[in-house]
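All values derive from a computational prediction rather than experimental measurement. Here is how names work: the chains are called A, B, and so on, in the same order as the sequence lines, proteins then strands, and each is numbered from 1. The basis for the numbers below is simple: all heavy atoms, side chains too, and nothing from hydrogens, waters or symmetry mates.
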2 protein chains.
Amino acid sequence: MPTHSEENYIKAIWKLSQGENPVVTTNSIAASVNTKAASVSDMLRKLSEKKLIRYEKYQGVELTASGRKTALSIVRKHRLWEVFLVEKLNYGWDEVHEIAEQLEHIVSDNLVDRLDLFLGHPKVDPHGDPIPDKNGRISDPNGVLLSSIAAGQTVTMTGVTEHSTAFLRYLDNHSIGLGCKMQIEEINSFDFSMNVRIKGRKAITITQAAAKNILVKPERSR
Amino acid sequence: MPTHSEENYIKAIWKLSQGENPVVTTNSIAASVNTKAASVSDMLRKLSEKKLIRYEKYQGVELTASGRKTALSIVRKHRLWEVFLVEKLNYGWDEVHEIAEQLEHIVSDNLVDRLDLFLGHPKVDPHGDPIPDKNGRISDPNGVLLSSIAAGQTVTMTGVTEHSTAFLRYLDNHSIGLGCKMQIEEINSFDFSMNVRIKGRKAITITQAAAKNILVKPERSR
DNA sequence: ATATAAATTTAGGCAAGCCTAAAAAATACA
DNA sequence: TGTATTTTTTAGGCTTGCCTAAATTTATAT
């Protein structure tokens, strides 16, 4: 049974190993779990002894199969609890992270199963992130960056790649959320901001900085 | 902010201080939190420094107002989560204690408020124990021991004073639960076991040992 | 290639919470 | 009352997870 703290490291390592160019270094882990590099070195040794990671001094870190399983179980719990908080307790998607960080450490496989059932076996969390199944299988994030879409296209928003309160509030303030169907009317060649029309609303401008953190699914191309 | 462990001690002290003849000693606390007396002494010193208890060496322990508030907040969370587990996730009343012991340490006042609302402001938990309000006010346990009821009376079950899985399963097996309206038909003078008829069922026998752990509310006397 | 900078690890220490063994205080009892 | 027993506390130690400072390794830049 990993400790609370070990779970946080494992989850951090998993997260850092996701995406395009993974940077799983002692320093990046330290930043993720809010501690110092020296503490990370300590912990890496311990996790390595427990066979949760493969670790050679100075050579970087990788989860073992067992470590990955642990990570995905935590991610599953985190995301299911986020669904609970938003769907059942009416939290905003920008308010749930901290609480889910606590709830993800509750130990009871049975509880997770029942929660999953209670929530209707959701496939994604309130930010559009896929929820791993009980065997640790997880689907790919559904969508491409809005910033990569050409003018004229119509897309549906499926997720975000940034979970900060500030960013999520920004989207709320522009009434942009998961499932929004939007047409890219124009891309300003000056700053690459996008003029976007959300079905039946007046057009809005989305900065490139924001568009780089929005995942969308293009309309079936014609 | 009390630690996880401090919260467990505070809750144990509160529990031990409830009821007829409270026995809040170093040893009884040690038994409650599954540790040794020496560890309790350590912790009592610490809790005393934090003004959560009044403590004189060898002279016993008492919660301060602040300590009591802390205790009741934990009890509130524990009992609300138990309601959630039973009402929403369909757990049996004998299965929820362990999980609630974990959930009670989740820190978020707002979460508790929303949970309370989501559950419809329940007054009691699945065992009939009163749920403290957000200000730490708690009502008295509702009922008297079934073992104190005279033959001929009709009563409604309102709670239990023992939460072991074994006892709760025993009640389940006899289809005895909160809200059962039962008539005491006879008390056997030999072993004080009770012949009880639950509305519209065949009579059953309840041993005195069991009756001492069942709380009931007598019918409005006539 | 080598010096400097950056990243990482080791060494040594600290607080929390637990332990066992021993000492001290309180209680029981003869 | 004085001794034996029980309860509680203290002393000393252990592990976890963190820290700072120093040493070591790797990367960078001239």
For A/Ser41, answer base if it contacts any base atom (sugar-phosphate contacts may also be present), sugar-phosphate if it contacts only those atoms, and nothing otherwise; contact means non-hydrogen atoms under 4.0 Å. base

Stretch residues 2-14 of chain B: residues that reach within less than 4.0 Å of DNA chain C through a heavy atom: B/Thr3, B/Ser5, B/Tyr9

Among residues at least two apart in sequence or on other chains, which ones pass side chain to side chain donor-acceptor pair (under 3.5 Å) with B/Thr25? B/Ser28

Angle between ring planes, A/Phe84 versus B/Phe118, binned at 30° and 60°: parallel, tilted or perpendicular? perpendicular

Whole angstroms only, please: what is the CE-P distance between A/Met43 and D/dT16? 10 Å

Watson-Crick and G-U pairing of DNA chain D written in dot-bracket, each distance under 3.5 angstrom, with | for inter-strand partners: ||||||||||||||||||||||||||||||

Paired with A/Val216, the side chain to side chain contact (heavy atoms under 4.5 Å, CB included) test is passed by just one of A/Leu145, A/Thr156, A/Ile149, namely A/Ile149

A/Arg45 has an atom CZ; how far is it from atom C1' of C/dT8, in whole Å? 14 Å

So, does B/Thr64 use its side chain to make a donor-acceptor pair with the main chain of B/Leu52 at under 3.5 Å? yes

Please report, rounded to the nearest Å, how far the C1' atom of C/dA15 is from the CE atom of B/Met1. 19 Å

Tell me, which pairs form a salt bridge (Lys or Arg N to Asp or Glu O under 4.0 Å) where one or both residues lie in residues 19-30 of chain B, sequence neighbours left out? none

Could you check how far NZ of A/Lys57 sits from C1' of D/dT24, rounded to whole Å? 10 Å

Report each atom pair, protein N/O against N/O of nucleotides 1-7 of chain C, whose distance is under 3.5 angstrom.
none

Give every pair of a protein N or O atom and an N or O atom of nucleotides 20-22 of chain D that lie under 3.5 Å apart, one pair per line with the distance.
unit_1, atom_1, unit_2, atom_2, d
D/dT20, OP2, A/Lys36, NZ, 3.3

Counting any heavy atom closer than 4.0 Å, what does B/Gln59 reach on the DNA or RNA strands: base, sugar-phosphate only, or nothing? sugar-phosphate

Not counting sequence neighbours, which residues clear salt bridge (charged side-chain N to carboxylate O under 4.0 Å, His left out) with A/Asp94? List them please. A/Arg169

What about the rings of B/His127 and B/His163, do their centers lie closer together than 6.0 Å? yes

Let me spell it out: for each of A/Asp42 and B/Tyr55, pick the nucleotide of DNA chain D with the closest heavy atom. Which residue's pick is nearer the 5' end? B/Tyr55

Among all residues two or more places apart in sequence or in another chain, which pass the side chain to side chain donor-acceptor pair (under 3.5 Å) test with B/Thr161? B/Asn213

Residue pairs fulfilling salt bridge (Lys or Arg N to Asp or Glu O under 4.0 Å) with at least one residue in residues 1-15 of chain B, sequence neighbours excluded: B/Glu6-B/Lys46, B/Glu6-B/Lys50, B/Lys11-B/Glu101, B/Lys11-B/Glu104

Those residues that, when tested against A/Tyr170, pass ring pair (Phe, Tyr, Trp, His ring centres under 6.0 Å) (two or more places apart): A/His174

Please list, chain by chain and in numerical order, all residues satisfying salt bridge (charged side-chain N to carboxylate O under 4.0 Å, His left out) with A/Lys36, sequence neighbours excluded. none

For A/Asn8 and A/His105, which I'm curious about, is there any donor-acceptor pair between the side chains at under 3.5 Å? yes

For B/Ser164, check side chain to side chain donor-acceptor pair (under 3.5 Å) against everything at least two apart and list the hits. B/Glu162

